[in-house]
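Okay, so here's the structure we're looking at.
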Amino acid sequence: MSLGDQRGKDFVLLSEWFARPWVRFVALTIYYLGILVGLVALYGAGDFSTPPFIYQNF
Amino acid sequence: MTDCQHQPLAQTPHLAPALTAMILGIVVPAVFGFYARSLEYRSITALAADEAMIERDGKLAPVKNQGTALQQAALETDCLLPIYGSSELVLHAAYNRPFHATNLFRDQPTGFTVFPMGKAQTTCLIILQKLAAIGPTLEGRKVAVSVSHAWFSDRVMAWADGYAGNFSPLHAGELAFNTRLSLQLRQDAARRMLQYPETVANRPLLRFALENMADGSPLSLACYEAVLPLGIVHNAILRNADHWNVVYYLWKHPIRTSSPISPRSGQPLDWPKLHRQADALYRAHSNNNEFGLDNEQWDRKLRQELVLQKNTRSKESFLRTVQVNQEWVDLELLLRELTELGARPLLLSMPLHGGWYDQLGITYAARSAYYQKLRETGARYHTPVVDFADHDADQSFCHDNMGHLAPSGLVYYSQVLDGFFHDKIPRQPELPAPAPVSSRGTGAGLPSRLAPGSRPPPSERFHEPSSATAIEDRASWTNPEPTLQGRKGKP
């Protein structure tokens, strides 16, 4: 069996595995969760650090 | 039948995963928030007793000062007295350590310990935002607010870098989108916040809300209302991030609970003894100058500073600065907020260092304008004020020219906080009149006119606990017979 045949077989197996409803459901859920986390990280990150300032004894 | 039921889902394969992700996006933060709050409430008392609370550059400082979670937990814990202020809350000198309120009340000798919030340049506008972030929790709660005279008398508005260095997007957002506060108060606060535009420059939602609120036209207010739900959601995200910051800190930093100096719980503090100890300790650290200033600071900068600044200011310039200072606007906003939220505040102020200001050319008559205006402002909001004006001449009260507290001053502060917590703020006399002579002694209440070398002998230098100065006490708070130890027998 050539390398190309092996790759094609692996791809078919992976496609079949991914075609299962529960795998597809979990993968898409993770995908959407990733989007949510990314949005929060981009626009709502909890970086409360302040710029330093020269302490003037007040 | 079954095929018909499954057909819509088959046509929309992304719908169920997206909905699940959204539900998880709500449930997981909610569960985490529950865990975080539980951890915070379990840790808050021990955390308040930890000296990390008063470290200037410690890792706890940003978590505590920029977030809301720890403030919220402290406000909801009966044995904690929150105190908001600036650099006076931070540990400056090693000799101050035993007398700092955090250490003095560490084991709750009289039933409570303090929860200091703030660092250098935490001015009234910053405190206003901090308190807005905890909003309804303040109802009926005692809150001490410590202000610095330098904010009101050394410039006309807080420094932009100091404001930016204390600015918290969470706190600002909580004020901007806080529907529990009156619109008028939010508008007035927004106008002040927009005077520091660099803090909102990279925060479009916050800037949009503040600008539209400040504008006040019907269209602008409609725009503000339109983004209000978005702001509330944004605040919720920031609050979760804040919880994460706190939880991460608590995981990484086991809380130290040993107490080196505090008496055990239930033992009353011996205030006269503490005053004597504080004075004796500080005397050894302030004996190379005639003003009672810290030796090291005197050698490093204050001696030279005095040479440069001597007689460079006038009564008129001081009075002008005090009269037009924007900090009064912010203080009024803060007191309006505390009134709206139903809090029970106490306003504290460090005294000016009379001996130093005399040298600059600012007489007590001018300095008293600050004390008087502070009292009048507090009176308008029925807020008791303790300004220690009677310690204007006390060389052992402050360790530098800015009024930062020396051991003796810390004990006085702690004594007032103890009285505040136990509803025993002593009634105070009127502002002391200027003293006609240069001598000073145990007659606390009279300002000094220091002559070179006029430092009193040790026996005179210590002031028995004297009259802290509150102009108006709520009758229900005030014990008719002040019971602070050491006041007995004093006029």
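These numbers come from a predicted model, not from an experiment. Lettering of chains follows the sequences in order, A, B, ..., and the numbering in each one begins at 1.
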- Item | Atom OH of B/Tyr248: over 12 foreign heavy atoms under 6.0 Å | no
- Query: For atom CZ of A/Phe18, is the number of surrounding heavy atoms from other residues, nucleotides or ligands below 6.0 Å larger than 12?
  - Reply: yes
- Task: Identify the residues of residues 26-35 of chain A whose heavy atoms come closer than 4.5 Å to a heavy atom of chain B, ordered by number, or report 'none'.
- Result: A/Leu28, A/Thr29, A/Tyr32, A/Leu33
- Item | Flag if over 12 foreign heavy atoms under 6.0 Å of CG, B/Asn202 | no
- Message: Check this for me: B/Arg207, atom CZ, are more than 12 non-hydrogen atoms of other residues, nucleotides or ligands nearer than 6.0 Å?
- Response: yes
